[in-house]
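For this chain, numbers begin at 1 and follow the sequence in order. When a ligand or atom number is given, it counts from 1 through the structure's own listing order.
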Amino acid sequence: MNKLMIANWKMNNVVLDCVRFMEDFVPKFSAKREAWIAPQALHFNLVRSMGEPKDVKAGVQNISDQLFGAYTGETSPKTLRAMGGHFAIIGHSERRQYFGETSKSCALKNRTCLREGIVAVYCVGETLAERDAGQTLSIIHDQLLQGLNDVHGVNPENLVVAYEPVWAIGTGRTATPAQAQEVHAFIRKVLSEKYPGVGDKMRILYGGSVKPDNVEELLSQKDIDGGLVGGASLKAKDFLALCGDK
Ligand code: PEP
């Protein structure tokens, strides 16, 4: 299974930052690992076209569960696909926290994306209070079953799950490799049961303060197939290091 690193730029970077990043990143990127980038939607096409020569795939940080129509402000998966978009991040904890997304609403998005040929990168993760209360695995279990409810036709290429403990996102606090591995192994088990024959081959990414100095240890864990990265994906040099290109 090829390791996959996804850059989530969130609402950062002006257009010139994107151009400079791609000019620095693309020529040095050796494709040892896969690199996908989710810039602000307005910069999607720029990143897509500049990444194309090295197959650096572009996607979005959020997507509509509808294809067309009167949904002001939304991004259609059909339009994204037609523009050469590869993937959508779905259910990031910031979307759950600030925009009222739930695992149930994510199921609609996951379903629509898969139908339209967009890879769904579905995010799950517990809060610190939930971890402290010993509820981590049951929270992850619920998020997986609800977010993947009625989601069919999946294969290891069109569904990626990202485990992002909320307490580790943008905080500088990383789950230890052992903590992350425990949850990843659990996710693998749930996916294998839900999708016999294919679930065990799906990529499960870790996200939460991944940096060049902790990435290798995290990636050495058996069930960690890559990373979803915020802060450390903003500098080309750091993202290159995360992709195994020092
Ligand atoms: C994220 O936003 O998905 C993330 C993991 O952020 P950071 O790497 O900054 O913790």
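- Within 4.0 Å of ligand 1, contacts by protein heavy atoms are made from Asn8, Lys10, His92, Glu164, Ala168, Ile169, Gly170, Gly207, Gly208, Ser209, Leu228, Val229, Gly230, Gly231.
- In summary, the side chains of Glu130 and Thr127 do present a donor paired with an acceptor at a separation below 3.5 Å, with no hydrogens or angles considered.
- Residues passing the side chain to side chain contact (heavy atoms under 4.5 Å, CB included) test with Gln40, sequence neighbours excluded: Met11, His43.
- Using modelled atom types, no side-chain atom of Arg48 and backbone atom of Gly84 make a donor-acceptor pair closer than 3.5 Å.
- Under the ring-ring contact (aromatic ring centres under 6.0 Å, His included) criterion, the residue pairs touching residues 163-201 are Tyr163-His184, with sequence neighbours excluded.
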Under 3.5 Å, which donor-acceptor pairs link side chains of residues 229-238 to any protein atom two or more places apart or in another chain?
from   : atom 1 : to     : atom 2 : distance (Å)
Ser233 : OG     : Val229 : O      : 3.1
Ser233 : OG     : Gly230 : O      : 2.7

Decide yes or no on side-chain contact (heavy atoms from CB on, under 4.5 Å) for His92 and Gln61, but give the supporting numbers first.
CA-CA 8 Å; His92 189 280; Gln61 302 166 16; over 6 Å; no

